[in-house]
Amino acid sequence: MATMHKKTLHNVDVQGRRVLVRVDFNVPLDGDRVTDDTRIRAALPTIQYLIDHQATVILCSHLGRPKGKPDPKYSLRPVAQRLSELLGRTVHMADDCVGKSVGELIAGRGPGDVVLLENLRYHPQEELNDAEFARQLVHGAQFFINDAFGSAHRAHASTAGVTAFVPAVAGFLMERELNYLGRALAHPERPFLAILGGAKVSDKIQVIEKLLTQVDYLLIGGGMANTFLKAKGYEIGQSLVETDRLNTAQELLRRGGEKLMLPVDVVVADQFAEGAKTQLVDVAQVPVDWRILDLGPRTIEQYRAKIRSAKTIIWNGPMGVFEMAPFAKGTFAVAHALADLAGATTIVGGGDSAAAVEQAGLAERMSHVSTGGGASLEFLEGKQLPGVAALADMSE
Ligand code: AMP
């Protein structure tokens, strides 16, 4: 499962070669400005290594959902601009990801040059994993480097299809992601704690089932806690809930026993709004017209104590509606508790929990902040990621 079995950039000789690199440059944009360049910076070690080895570097990525046709709103051009600032060198932006003019642009480049192909999802063939499209995408490269962990759970032309035409290995970011997640699951130093939050239980049933067999404690927060609370018979008022998952929640509670921890007090609001009236109540006292939007202080204290005692922690999903300041306390308290841990391995799954950690300026104090939300969840579920499975094995 871990990369140890997969070849990485260290295992191949890329000196002076043409290489195709799948990166995850799916960044947030405001018009033509990149508002968060975390994912671009995360790919720099691989790109810089290739430049230092005089490779001709062809980068490809998707951005947003342009639905299979060109749409300037989803152009990677602003990313080329930001990347070129970070690298201190020209990044040659292509008008498309396949085709004659792109081939000519690449043919005119030499050792150490960097080309960024235009959004892969301008073509429906990308997500359809079309073989002919994948072949064209390779552009005669001698190696394919996959550094897009965030897209590895999808079998697309640029993550799986291309590997039929060119030797494929993991980039440094991919290697780091797989090593952290792989090691945590295979040999966790104990106590091993998982913290799961976010909106829905239904998204996380498989990961809860899997983690319950591995962790010492599983702390639940966010909207998904409500379904568990209701399954235990509590009144949860107007809170977000998945009534069709109550049986599943009951079964997970039975299986989890003492391991599975739920909020004991919560912040409730009279409406789903930043300026709502709020109250702090015990979980047994949620008023019928109100809704649960954050953890309460006693829960935060209990969760903090568990976090302090742990040696390995995996966190995925916010503890409340952290986008609104009055309901962000639980999420930020967990972020701080993880950041303050010395001598423990702290892994933050991608998506909203990673965003919260970045916002709080605590990313540097985590052992690892994953760049892939969906991919890290699927990895934790124990699934084989198609983009990883397609990479060359060490034994090849
Ligand atoms: P997910 O995409 O499943 O990780 O869920 C993230 C979203 O869950 C965030 O936008 C949060 O605002 C939302 N969320 C967290 N706690 C609650 C809650 N108690 N009620 C409603 N939404 C919540």
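Whatever order the structure lists them in is the order used to number ligands and atoms, beginning at 1. These figures come from a predicted structure and were not determined experimentally. We're numbering straight along the sequence, starting at 1.
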### Message
Ignoring hydrogens and geometry beyond distance, is a side-chain donor-acceptor pair present between E118 and S75 at under 3.5 Å?
### Response
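Yes.
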
### Query
Are D96 and H123 linked by a side-chain donor-acceptor pair shorter than 3.5 Å?
yes

To check your reading of the model: name the closest protein heavy atom to [atom], its residue, and the distance in Å.
atom: atom 17 (C) of ligand 1; answer: G223 N, 3.2 Å
atom: atom 3 (O) of ligand 1; answer: A199 N, 3.1 Å
atom: atom 7 (C) of ligand 1; answer: D352 OD2, 3.8 Å

### Residue pair K277 / W290, side-chain heavy-atom distance below 4.5 Å
yes

### Message
Checking E242 against S202 for the side chain to side chain donor-acceptor pair (under 3.5 Å) test, could you report, in this order, the C-alpha distance in whole Å, the side-chain angles of both residues, the deciding distance, and whether it holds?
### Response
CA-CA 8 Å; E242 290 171 283; S202 52; 2.4 Å; yes

Could you tell me which atoms of ligand 1, counted from 1 in the order shown, lie closer than 4.0 angstrom to a heavy atom of [X]?
X: I292; result: 18 (C), 19 (N), 20 (N)
X: G198; result: 1 (P), 3 (O), 4 (O), 5 (O), 6 (C), 8 (O)
X: K204; result: 3 (O), 4 (O)
X: G320; result: 11 (C), 14 (N), 15 (C), 16 (N)

### Within reach of ligand 1, part of E323 (heavy-atom separation under 4.0 Å)
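The part of E323 near ligand 1 is the side chain, not the backbone.
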
### Message
Once you restrict to heavy atoms under 4.0 Å, what part of L240 touches ligand 1? Side chain, backbone, both or neither.
### Response
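Contact part for L240 vs ligand 1: side chain (C-beta onward).
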
### Query
Got a donor-acceptor contact below 3.5 angstrom from the T312 side chain to the E189 backbone?
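A pair under 3.5 Å: yes.
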
### Message
Set out, in order, the CA-CA distance, both residues' side-chain angles and the distance that settles side-chain contact (heavy atoms from CB on, under 4.5 Å) for V91 and R82, then state yes or no.
### Response
CA-CA 9 Å; V91 172; R82 183 71 193 118; over 6 Å; no

### Task
Could you pull out, from L377, D203, V321, the option with a heavy atom nearest to atom 22 (N) of ligand 1?
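Closest candidate by heavy-atom distance is V321.
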
### Message
Parallel, tilted or perpendicular: which one describes the rings of H10 and Y49, with boundaries at 30° and 60°?
### Response
perpendicular

### Query
Do any heavy atoms of P318 fall under 4.0 Å from ligand 1?
yes

### Query
Once you round to the nearest 0.5 Å, how far does CE of M324 lie from CG of L293?
7.5 Å

